[in-house]
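Shown next, in structure tokens, is the structure this report addresses.
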Amino acid sequence: MGWFILLVLIVGAVAAFKYRVPLIAKLTGQPQHRIQRALERRKNKS
């Protein structure tokens with residue numbers, strides 16, 4: 001049973017990462033393009 005919970009957590013984390021822009025936009029109430037620009041700026045800065 002423990003491995004099943006771990007698998008669900010991993011799948012959930014991958015899905016959250018893949019759909020992070022719409023999720024962050026929905027949680028913060030910001031437009032998706034604004035979130036996308038902020039994430040791109042962070043990526044280019046590193």
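Annotation: side chain to side chain donor-acceptor pair (under 3.5 Å) contacts involving residues 20-32, sequence neighbours excluded, comprise Q30-R34.
With side-chain heavy atoms closer than 4.5 Å counting as contact, directly or through intermediates, the hydrophobic cluster containing I24 also holds V21, I35, L39.
When every heavy atom of A25 is checked against every heavy atom of P31, the shortest pair comes out as CB-C, 4.4 Å.
Here the straight-line distance linking atom CZ of R41 with atom CZ of R37 works out to 6.5 Å at 0.5 Å rounding.
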